[in-house]
Amino acid sequence: MGAARRIVRHPRESPVAPALWALLACIGFGSCAPKRVAAPVQAADTPVDVSNAARISRVRSAEPVVFALAGRSVVIPIVPEEGAAGAWIPATAPEVTFVTGERVPSETWWISGSPASAPATWEWLPPTAEWRAFTLAEVDTERQSGVDPLTTPGFWAVLARPPARASGRELRLDGRAMPVRWLADPPRATDVGRAPQPRASAEALRALGALLREEARDPLRRWRVGLMLDRWSAGRLWRDSTPPPVLEPEALEALAAQNEWRWRAALAALGRAGPDTAADVLARLTAVVLSPDGVLLPAWPLDDAGVARLRTTLLRADTEDDDRLNEAQAWLASLPPAVAWVVDDGPVVPSGVSEKDGASARRVRTAVSELTGKRARVSITPEGITPDDSRMVEEHESIVMMTEAAVGTRAIEPLRVQVGRWNGRVAFRATPVPVSPPGLTIGPLLPQWRMAGWAIGTPGAADPEWTTAGLLHKSADGNGWEVYVECRISPEAESLTGDVVRFYWGAEGSAERAVEVKAPTRAEAQRDRWTAVVPVPPRAVESDGTMRVSIERVDARGARSSWPRPMMPGEREPSRALVNLNAWGE
């Protein structure tokens, strides 16, 4: 039989591909001008055969302008000069020279990223890729041995090492001029005195350090960690005071270092034009907020293409100072200054209102996180109501507010959020959830908030193999209530140790606080699920026939999900749903 054909799927079929192509913008891959760039593996509706990848002899820089620093390695993504049909490999390693013909030491690398082999069960930040890099010679050797690096989405690049005397000199790639802008050596530190940071405990800083150490494993994302070390020392983030290790092989470390010094140069250029604006940009690029529960959470923009465009404009030699300021201020203005969300839909009856009348007047618990580094006044009111109460939220911190809201006929009602001059909207459940035969469907439980969903108010989807749902219904004897819960488990799971579901009754922190149900052993559970029936404590049913309830699951992977709303990292209890049991007999 012949050798197996090696197939690489279209990048959009790979879980890491969308992030890879977006993040390539951060190194200037096309500088957000895709019309001039051929993708490393050509887009197609069907898998691309890489077993006979074309050998291309004429290549060019994928960057319209190469921003370089004399004496520092520069990674230059390359593409075929005339484009390529499908996968391709440089026929020979392109030479980098000065106009005089003097050679600049260089190597050609294939740099690729794939999903981490053991991804975390929950990530506040998007998961990092597993990065690898091979020299051209190593790619040929691997392919001959039957292991093809080209089957992982990536790009070809030239790693050049211009000498310290290179500044101002023209570079050529295989004899053809390559547009280069030599940057001045950027400052080693940013102006952190103008960028405030939230007050946080030593424990919160260590937890943030764990997130940043993982972030630093990605050469396209480590630049933020470098900038953040200007604000928080390594000793405050890591117990051993040791920053993340150098990446290997050399091409990955050079790529990570290049992203950082390009950003330092961009911020320095902006700082000369407007130091306050530069500090504001730094604050947004490295934004970290203190959550209501005292957890430090990254809250920076995830629009990699927009961030890349900003950096390119700041670095361009033909950009006037006024244009730099205008571009930076326009970018800042495009970002919301805060994130607001509903913590609890308001089963709390306002002071002075009887329990009987509570169904028409509730207090909604909301939270606001400040993202800009500038303290602001916050008010949250029902639509059409003039704010008569407001509070200040400090720089990069969060506040929790209680808003009195009348309950109308609509199940979902909006609240208007005002932070400084910015207006936003959140929605809350305005009427109790009716429980009628055959029962109230609970779930599926929602995964803990992640940064991307939290920023836009969209919870993540449950993992189909670990979905949790339930049914609240009358017990068989008709004298009480019970919840049937079904917890999916991956057939591949070897153990259910630690898999637990908690049922919360009554107001937060009440005596009926929680009932905990642990999963059976793996041998006792079904192949793909385990189930339980939990009686509702009689005292959980209030005198008016309503009940406050929520459910939380921590599965065998350690992933947390909840109902009726997702939970924030560090949040102790899930919010409650207010249900109307009287509807059963109507």
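Computed over heavy atoms, backbone and side chain alike; hydrogens, waters and symmetry mates excluded.
- Side chain of Glu370 to backbone of Thr372: a donor-acceptor contact under 3.5 angstrom is found.
- Scanning all heavy atoms of the two residues, the minimum distance from Ala328 to Leu270 falls at CB-CD2, 3.8 Å.
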Does the pair Arg222 and Glu253 meet the rule for a salt bridge (Lys or Arg N to Asp or Glu O under 4.0 Å), with working shown? CA-CA 10 Å; Arg222 196 184 74 183; Glu253 177 62 25; 2.8 Å; yes
Check against side chain to side chain donor-acceptor pair (under 3.5 Å), Thr468 and Arg553: CA-CA 8 Å; Thr468 310; Arg553 181 188 181 189; 2.8 Å; yes
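- Annotation: the span from Thr403 atom OG1 to Ile380 atom CD1 amounts to 5.0 Å, rounded to 0.5 Å.
- For the side chain to side chain donor-acceptor pair (under 3.5 Å) test with Arg199, the passing option among Glu395, Glu394, His396, Glu397 is Glu397; the others fail.
- With Glu130 contributing its side chain and Arg132 its backbone, the two residues share no donor-acceptor pair below 3.5 Å.
- Between the Trp124 side chain and the Pro298 main chain, a donor and an acceptor come within less than 3.5 Å of each other.
- Pairs of residues two or more places apart, or lying in two chains, that qualify as side chain to side chain donor-acceptor pair (under 3.5 Å) and include a residue from residues 561-570 are Asp345-Arg565.
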For side-chain contact (heavy atoms from CB on, under 4.5 Å), just list the numbers for Asp323 and Glu320, CA-CA rounded to whole Å, side-chain angles, deciding distance to a tenth of an Å, and then say yes or no. CA-CA 5 Å; Asp323 293 332; Glu320 300 289 340; 3.7 Å; yes
Pair Glu63, Arg262 - check salt bridge (Lys or Arg N to Asp or Glu O under 4.0 Å), show working. CA-CA 14 Å; Glu63 297 182 311; Arg262 284 183 176 180; 3.1 Å; yes
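- With sequence neighbours excluded, the residues that form a side chain to side chain contact (heavy atoms under 4.5 Å, CB included) with Leu446 are Pro459, Pro566.
- The main-chain N or O of Thr319 is found under 3.5 Å from a side-chain atom of Arg324 such that the two form a donor-acceptor pair.
- If you check the side chains of Thr286 and Arg231, you find a donor sitting under 3.5 Å from an acceptor.
- Counting heavy atoms of neighbouring residues, nucleotides and ligands inside a 6.0 Å radius, atom CZ of Arg316 does not exceed 12 of them.
- Judged as a side chain to side chain contact (heavy atoms under 4.5 Å, CB included), and not counting sequence neighbours, the contacts of Ser73 are Leu159, Arg161, Glu250, Ala254.
- With no hydrogens or angles considered, no side-chain donor-acceptor pair links Ser379 and Ser390 at under 3.5 Å.
- Using modelled atom types, no side-chain atom of Glu413 and backbone atom of Phe428 make a donor-acceptor pair closer than 3.5 Å.
- Applying the side chain to side chain donor-acceptor pair (under 3.5 Å) rule to Arg224 yields no partners; only residues at least two apart in sequence or on another chain are considered.
- At least one donor-acceptor pair under 3.5 Å links the side chain of Glu571 to the backbone N or O of Met568.
- There is a side-chain donor-acceptor pair under 3.5 Å between Arg416 and Asn423.
- Within the 3.5 Å criterion, the main-chain N or O of Ala279 finds no donor-acceptor partner in the side chain of Arg284.
- Annotation: Trp223 is not in aromatic contact with Trp261 [ring centroid separation under 6.0 Å not met].
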Checking salt bridge (Lys or Arg N to Asp or Glu O under 4.0 Å) for the pair Glu383/Arg425: CA distance, chi angles, key distance, verdict? CA-CA 9 Å; Glu383 289 283 2; Arg425 299 288 186 278; 2.5 Å; yes
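- Counted within 6.0 Å of CD on Gln329, heavy atoms from surrounding residues, nucleotides or ligands total more than 12; the atom is thus considered enclosed.
- Listed by chain and residue number, nothing satisfies the side chain to side chain donor-acceptor pair (under 3.5 Å) test with Asp322 (two or more places apart in sequence, or in another chain).
- Here the straight-line distance linking atom OG of Ser369 with atom CG of Leu297 works out to 8.0 Å at 0.5 Å rounding.
- Listed by first then second residue, pairs satisfying side chain to side chain donor-acceptor pair (under 3.5 Å) with a partner in residues 233-244 read Gln197-Arg236, not counting sequence neighbours.
- Thr366 places no side-chain N or O within donor-acceptor distance of the main-chain N or O of Val342, the cut-off being under 3.5 Å.
- Rounding to the nearest 0.5 angstrom, the gap separating the CH2 atom in Trp263 from the CG atom in Leu285 is 4.5 Å.
- At least one donor-acceptor pair closer than 3.5 Å links the side chain of Asp218 to the backbone N or O of Leu220.
- Looking only at atom types and distance, the side chain of Gln448 has no donor-acceptor partner in the side chain of Arg450 under 3.5 Å away.
- Looking only at distances, no side-chain donor or acceptor of Arg391 sits under 3.5 Å from a matching main-chain atom of Met401.
- Exactly one residue among Arg576, Arg365, Arg429 makes a salt bridge (Lys or Arg N to Asp or Glu O under 4.0 Å) with Asp344. That residue is Arg365.
- The two atoms that bring Pro564 and Ser550 nearest to each other are CD-CB, 4.0 Å, heavy atoms only.
- Heavy-atom minimum distance, Tyr504 versus Glu552: OH-OE1, 2.8 Å.
- Taking both residues in full, the closest heavy atoms of Val393 and Val368 are given as CG2-O, 4.3 Å, listed atom of the first, atom of the second, then distance.
- Ion pairing of Asp555 with Arg557 is present here, as a side-chain N (NZ or NE/NH1/NH2) and a carboxylate O approach within less than 4.0 Å.
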